[in-house]
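Remarks on the structure that follows.
As a basis for the values below, the full set of heavy atoms in this structure was taken, side chains included, without hydrogen atoms, waters or symmetry mates. Keep in mind the model is a prediction, meaning the values are calculated, not measured.
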Amino acid sequence: MSDSKPTVLLADDQADVREALRLLLKAEGIASVGVADPAAALEAVRKREFACALIDCNYSRDTTSGEEGLDLLERLRQLAPELPVVAMTAWGNVPLTVEAMRRGAADFIEKPWNNARLLSVLRVQMALGEGARKQRRLEAENALLRGGSGDAFIAESPVMRRVLAMVDRIASSDANVLVLGENGTGKGVIAERIHALSPRAARSLVKVNMGGIAESVFESEMFGHVRGAYTDAKGERIGRFELADGGTLFLDEIGNVPAAQQPKLLRVLEDGEFERLGSSRTQRVDVRLVSATNADLAAEVAEGRFRRDLMYRLNTLEVRLPPLRERVEDILPLARAFLARSAARYSRDGLQLAASAERALMAWRWPGNVRELQHLMERAALLAEHDQVSAGALSFGAPPEPVQDIDGMTLEQAEAWLVKRALERHDGNLQHAADALGITRQSLYRRLEKHDLRDADNDDATD
């Protein structure tokens with residue numbers, strides 16, 4: 001008998017009763033496990049999951065009060081609150097029935113039982129129990145999907161307090177929000193906060209990294225597809241807009257949406273309508289959109305790479321996140337919080353920052369912003385040899401290069417510096433960097449090889 005098959009627990013002190021019930025249930029395709037007394041019943045429930053329990057109310061000889069069964073019922077409810085329990089006795093009466101129901105019995109059966117009624121009661125309770133379990137799983141999945149971390153948002157700096165005050169004001173509306181900021185500033189965390197404070201908080205927050213979706217599967221990912229829509233479409237797929245219906249859709253790296261796909265995104269934002277790939281049936285969704293980017297969308301519009309009307313749809317409200325170097329009052333509180341979280345995760349309780357480490361943290365420029373700080377504290381929790389994390393235990397990356405004076409460079413040095421800066425400004429996107437430099441992509445490739453900068457090319461996934 002597999003533990004994964006729905007099984008009924010049968011608790012009765014008479015072996016012939018247990019056998020009769022086992023055979024009845026077996027004939028109906030229902031598995032069962034029989035036990036002779038309350039202690040065995042409790043032990044069985046501790047060891048495995050049951051779809052339902054059918055328990056006798058009397059076990060000791062000459063006992064007809066039902067107290068043993070009522071006590072077992074209460075203990076089962078404490079041990080497995082979600083387990084439907086059906087009480088059964090040959091001494092059924094109204095007071096005992098009422099008391100059993102009061103203590104949590106899902107239903108009541110009298111001996112001698114009617115086979116049809118007993119089977120009906122068990123099927124109903126098994127179905128109700130399974131439905132309740134599915135609902136709980138769904139709620140748990142939605143909680144993960146919504147992605148709220150539950151951590152207090154640290155904002156002691158005046159600039160960040162102003163940002164949070166704005167977020168709290170706009171969260172209750174249904175207006176689309178565009179979150180701007182450098183990489184690692186916490187744009188995703190702000191999206192979570194907007195959703196959590198909105199009337200849509202009970203529904204899903206669906207997150208999409210637009211830079212990670214290939215153009216060839218954009219429509220399928222965002223709008224879904226029907227079976228046979230393309231060669232490998234062997235079944236239906238629900239798109240991200242459908243998943244977010246009634247909730248919030250967070251589009252991260254929105255600046256990476258391919259130009260050919262922007263009109264399709266604009267349509268659903270304007271009308272709330274779309275068709276699954278391969279289908280002619282128009283569907284409607286009610287979605288609140290939060291987008292984020294580190295790109296200058298106005299510049300992208302000016303260069304013809306991003307639709308102006310789409311930008312206007314995205315930024316009904318705009319939130320700008322400051323880099324960590326501009327919120328210095330938050331550096332140490334964030335560092336302590338991240339260190340405590342990582343210390344708990346890696347069983348390093350008691351870790352603290354030494355004064356030398358705090359001075360080093362305040363002196364660093366944080367090119368990677370909050371994300372860099374979080375990763376630094378995780379490494380410190382893993383590598384620190386003592387309970388205090390000293391400055392020497394902090395694994396900072398290479399210091400940011402000082403701003404160079406182009407007047408003091410040779411022509412070769414200036415060209416290499418300009419190419420590298422263009423790649424940094426455009427997050428390694430070769431086409432965007434080439435456009436900014438006023439050269440072709442092929443010319444940029446040649447200069448990357450010439451100046452040994454090929455490692456800076458990281459745009460394979462986004463071009």
Side-chain angles (χ1 to χ4, degrees), residues 131-155 159-181 185-210 213 221-224 237-255 257 264-276 282-293 297 309-322 370:
R133 281 188 289 273
K134 286 183 178 179
Q135 180 63 28
R136 285 187 293 273
R137 285 196 295 268
L138 182 60
E139 290 171 355
E141 290 165 2
N142 281 341
L144 290 174
L145 196 59
R146 289 194 292 271
S149 64
D151 295 324
F153 201 101
I154 294 174
V159 63
M160 202 61 201
R161 285 182 180 178
R162 288 193 292 271
V163 169
L164 289 191
M166 180 181 182
V167 167
D168 293 353
R169 285 197 306 273
I170 68 178
S172 60
S173 75
D174 257 352
N176 292 338
V177 180
L178 178 63
V179 185
L180 302 173
T185 50
K187 298 186 289 293
V189 177
I190 289 295
E192 291 178 4
R193 186 178 180 90
I194 291 172
H195 176 73
L197 296 176
S198 76
R200 298 170 179 263
R203 305 298 294 271
S204 294
L205 168 62
V206 177
K207 303 177 184 180
V208 190
N209 180 2
M210 304 305 288
I213 299 180
E221 289 288 335
M222 300 306 297
F223 310 123
R237 178 187 179 89
I238 297 177
R240 307 301 178 89
F241 273 94
E242 277 187 82
L243 281 174
D245 191 20
T248 304
L249 183 63
F250 175 47
L251 303 183
D252 199 6
E253 303 298 343
I254 189 67
V257 177
K264 299 165 187 173
L265 184 58
L266 179 64
R267 180 202 169 194
V268 71
L269 295 183
E270 288 181 334
D271 305 329
E273 295 181 348
F274 66 94
E275 291 83 34
R276 285 186 181 181
T282 299
Q283 298 182 230
R284 292 192 60 83
V285 288
D286 171 25
V287 169
R288 198 250 183 106
L289 190 73
V290 179
S291 307
T293 183
L297 286 189
D309 47 2
L310 177 56
M311 184 183 71
Y312 289 153
R313 277 287 172 184
L314 296 173
N315 72 340
T316 305
L317 296 168
E318 194 171 279
V319 176
R320 291 184 177 271
L321 288 185
V370 178

Within the 4.5 Å heavy-atom criterion, are Leu317 and Asn176 side-chain neighbours or not?
no

Those residues at least two apart in sequence (or on a different chain) that pass side chain to side chain donor-acceptor pair (under 3.5 Å) with Arg320 are Glu318

Tell me every residue that passes side chain to side chain contact (heavy atoms under 4.5 Å, CB included) with Asp286, counting only those two or more places apart in sequence or in another chain.
Arg200, Asp245

Start with the C-alpha distance between Val290 and Leu251, add both sets of side-chain angles, then the distance that settles side-chain contact (heavy atoms from CB on, under 4.5 Å), and finish with yes or no.
CA-CA 6 Å; Val290 179; Leu251 303 183; over 6 Å; no

Within a strict 4.5 Å, meaning less than it, do heavy atoms of the Glu192 and Leu205 side chains meet?
yes

Enter the distance from Leu265:CG to Leu269:CG here, rounded to the nearest 0.5 Å.
4.5 Å

If only atom types and distance count, is the side chain of Asn315 paired as donor or acceptor with the main-chain N or O of Leu178 below 3.5 Å?
no

Check against side-chain contact (heavy atoms from CB on, under 4.5 Å), Val167 and Ile190:
CA-CA 8 Å; Val167 167; Ile190 289 295; 4.0 Å; yes

Which residues share a side chain to side chain donor-acceptor pair (under 3.5 Å) with Arg161, sequence neighbours left out:
none

Using atom types as modelled and distance alone, determine if a side-chain donor or acceptor of His195 lies under 3.5 Å from a backbone N or O of Arg203.
yes

Contact between Thr185 and Val370 at the side-chain level, heavy atoms closer than 4.5 Å - yes or no?
no

Going by salt bridge (Lys or Arg N to Asp or Glu O under 4.0 Å), name the residues that satisfy it together with Arg267, two or more places apart in sequence or in a different chain.
Glu273, Glu275

Considering only heavy atoms from C-beta outward, does the side chain of Asp309 approach that of Leu266 to under 4.5 Å?
yes

Side chains of Val206 and Thr248: closer than 4.5 Å at any heavy-atom pair?
no

Which residues satisfy the ring pair (Phe, Tyr, Trp, His ring centres under 6.0 Å) test with Phe250, sequence neighbours excluded?
none

Those residues that, when tested against Arg193, pass salt bridge (Lys or Arg N to Asp or Glu O under 4.0 Å) (two or more places apart):
Asp168

pair Phe274-Arg284: side-chain heavy atoms closer than 4.5 Å:
no

What one should report as the nearest heavy-atom pair of Phe223 and Lys264 is CZ-O, 3.8 Å

Residues two or more places apart in sequence or in another chain: which of them pass salt bridge (Lys or Arg N to Asp or Glu O under 4.0 Å) with Glu221?
Arg237, Arg240

For Pro199 and Ala171, which heavy atoms make the closest approach, and how far apart are they?
CD-O, 4.1 Å

If only atom types and distance count, is the side chain of Arg288 paired as donor or acceptor with the main-chain N or O of Ala175 below 3.5 Å?
yes

Please check if the side chain of Lys187 supplies one atom and the backbone of Gly181 the other of a donor-acceptor pair under 3.5 Å.
yes

Minimum-distance pair of heavy atoms, taken over all atoms of Ala244 and Val287:
O-CG2, 3.7 Å

According to side chain to side chain donor-acceptor pair (under 3.5 Å), who are the partners of Ser172, at least two apart in sequence or on a separate chain?
none

Distance check, rounded to the nearest 0.5 Å: Ile254 atom CD1 versus Leu180 atom CG?
11.5 Å

If you define the side chain from C-beta out and look only at heavy atoms, does anything of Val319 sit under 4.5 Å from Ile170?
yes

List in chain and number order the residues that pass side chain to side chain donor-acceptor pair (under 3.5 Å) with Ser291, two or more places apart in sequence or in another chain; answer none if no residue qualifies.
none

Is the shortest side-chain heavy-atom distance between Met222 and Ile213 below 4.5 Å?
yes

Can you give me the closest heavy-atom contact between Ala196 and Ala201, atom names plus distance?
O-CB, 3.4 Å

